[in-house]
Amino acid sequence: MTIYIADIDGTLTPPRQPIDKSFLAFLEKWQEDKCFILATGSKYDMIDAQLLGRANQFKVFCCSGNSFYCKGNLEFSNPDVEWDANLISFVQSEIDKSTYPKFGNHIEYRQSAMNISYVGRNCDQKERNKYFKFDKKNGQREKLANELNTRFPKYQVSIGGQISLDVTPVGLGKEQIPKELKNLGIRCDESETIVFFGDRIVEGGNDYELAKLANVAFNVESYEETMYIMERI
Ligand code: M1P
């Protein structure tokens with residue numbers, strides 16, 4: 001059996017934006033004869049909004065693989081992590097030092113995952129786009145990711161989406177998904193093929209560790225590209 005796994009932001013939707021309605025209809029049909037899994041750093045309610053209230057039509061790993069919903073029912077969830085206080089205070093001081101405009105909600109806890117944003121998750125789409133451009137030029141997120149990965153090796157920090165960084169304890173990122181699929185009885189054995197779609201599959205990105213475990217990994221730049229590939233496999 002082939003298991004298809006897809007990231008959401010940047011892969012099935014523009015980052016944090018609602019899915020295109022005709023693509024949603026396509027996906028619902030496309031998955032009918034397949035084993036299709038969604039894998040995101042976001043929380044379930046965020047995903048449900050992006051999928052126009054249709055998350056309950058899918059199998060979804062949220063919070064970087066730390067919880068799993070099958071057709072709307074929570075089937076697996078890792079216990080909350082107790083975060084190292086030094087990590088939190090270091091992150092907070094880096095955010096405080098940043099002179100980039102701030103909009104609030106800079107550290108979001110998502111069970112065993114944490115999301116960090118200098119600009120803040122409360123910013124609107126215009127500010128997101130502005131920050132994304134700024135970060136591309138200045139590498140603010142990359143610098144923080146490198147610093148955190150060096151100072152706090154028991155955590156893994158990666159870049160995903162437009163404005164934030166995803167943090168999990170080592171091994172509790174999206175790379176836990178293949179193992180959890182086995183625990184959940186969705187994957188029978190390691191010989192099953194995994195095909196993965198993500199927009200951040202290169203080193204440093206939040207799809208990298210999972211992409212390494214896939215037999216085939218497509219690095220896409222938009223949902224249109226994902227759809228193009230899906231239509232042909
Ligand atoms: O799926 C990619 C990322 O999407 C969002 O990132 P951002 O807000 O930076 O665009 C977040 O949900 C993040 O956790 C997620 O990994």
Side-chain angles (χ1 to χ4, degrees), residues 5-19 37-51 55 58 60-69 78 81 83 91 95 98 100-136 138-145 148 155-169 172-177 196-211 217-223 225-226:
I5 308 180
D7 165 56
I8 297 183
D9 294 277
T11 302
L12 301 184
T13 72
R16 299 297 311 123
Q17 293 297 299
I19 193 165
I37 314 280
L38 305 181
T40 176
S42 295
K43 292 186 280 189
Y44 185 78
D45 55 343
M46 294 158 79
I47 291 313
D48 194 37
Q50 275 176 279
L51 298 182
F58 296 94
V60 192
F61 276 97
C62 308
C63 304
S64 301
N66 285 290
S67 56
F68 176 69
Y69 290 80
N78 275 329
V81 153
W83 296 97
V91 168
I95 291 168
S98 167
Y100 195 88
K102 299 185 180 78
F103 293 84
N105 196 11
H106 300 276
I107 303 180
E108 188 172 87
Y109 297 96
R110 302 174 177 174
Q111 296 175 280
S112 316
M114 178 174 34
N115 187 264
I116 303 170
S117 172
Y118 279 108
V119 63
R121 304 204 60 77
N122 292 348
C123 72
D124 62 17
Q125 189 58 44
K126 199 169 132 225
E127 290 300 334
R128 275 183 158 266
N129 297 344
K130 253 166 97 175
Y131 179 80
F132 186 55
K133 264 195 199 153
F134 163 85
D135 185 54
K136 242 186 170 168
N138 296 280
Q140 189 183 38
R141 289 188 293 171
E142 194 180 345
K143 279 180 214 147
L144 182 60
L148 294 176
Y155 296 104
Q156 57 195 32
V157 184
S158 57
I159 299 175
Q162 286 184 298
I163 60 162
S164 65
L165 296 140
D166 288 319
V167 188
T168 63
L172 289 184
K174 288 183 185 177
E175 68 277 12
Q176 66 189 307
I177 292 175
F196 178 60
F197 300 87
D199 68 327
R200 293 272 184 179
I201 75 170
V202 294
E203 198 164 1
N206 66 350
D207 294 325
Y208 176 67
E209 297 294 337
L210 175 53
F218 292 105
N219 195 19
V220 299
E221 288 188 2
S222 64
Y223 78 85
E225 191 180 347
T226 306

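Just so you know, ligand 1 is whichever comes first in the structure, and atom 1 is the first atom listed for that ligand. Positions are given from 1 along the sequence. Source: prediction; values computed, not measured.
A heavy-atom separation below 4.0 Å is not found between I8 and ligand 1.
Ring geometry, F197 versus F218: the interplanar angle falls under 30°, so the pair is classed parallel (tilted spans 30 to 60°). Relative ring orientation between F134 and Y100 is described as tilted, the plane-to-plane angle lying within the 30° to 60° band.
The protein heavy-atom contact nearest to atom 16 (O) of ligand 1 is D166 OD2, 2.5 Å. R16 CD, 3.7 Å is the protein heavy atom nearest to atom 5 (C) of ligand 1. Distance from atom 12 (O) of ligand 1 to its nearest protein heavy atom, with residue and atom name: S42 OG, 2.6 Å. Considering only non-hydrogen protein atoms, atom 14 (O) of ligand 1 sits nearest to R110 NH1, 2.5 Å. In terms of protein heavy atoms, atom 9 (O) of ligand 1 is closest to S164 OG, 2.6 Å. With hydrogens left out, the protein atom closest to atom 2 (C) of ligand 1 is D9 CB, 3.6 Å, a heavy atom.
In terms of modelled atom types and a separation under 3.5 Å, the side chain of Q50 and the main chain of Q17 share a donor-acceptor contact.
Close approach of ligand 1 to N115 (heavy-atom distance below 4.0 Å) involves ligand atoms 13 (C), 14 (O). The contact set between ligand 1 and D7, taken as ligand atoms under 4.0 Å from a residue heavy atom, comprises 1 (O). For ligand 1, the atoms lying closer than 4.0 Å to a non-hydrogen atom of G41 are 14 (O), 16 (O). Remark: ligand 1 atoms within the under-4.0 Å shell around heavy atoms of N206 are 2 (C), 16 (O). The atoms of ligand 1 that sit less than 4.0 Å from any heavy atom of I163 are 7 (P), 8 (O), 9 (O), 10 (O).
Atom-to-atom distance recorded for M46:CE and R110:CZ is 4.5 Å, nearest 0.5 angstrom. To the nearest 0.5 Å, atoms CD1 (I177) and CZ (F61) are separated by 5.5 Å.
For E142, the CD atom is loosely surrounded, since the number of other residues' heavy atoms within 6.0 Å does not exceed 12. Applying the 6.0 Å contact sphere to NZ of K102 captures more than 12 heavy atoms from other residues, nucleotides or ligands.
Nearest heavy-atom pair across Q162 and F132 is O-CD1, 3.5 Å.
The one candidate from T226, I8, D9, D207 that meets the side-chain contact (heavy atoms from CB on, under 4.5 Å) condition with D199 is D207.
The option with the heavy atom closest to atom 11 (C) of ligand 1, from among M46, R121, Q50, R128, is R121.
At least one N or O atom of G160, backbone or side chain, sits closer than 3.5 Å to an N or O atom of ligand 1.
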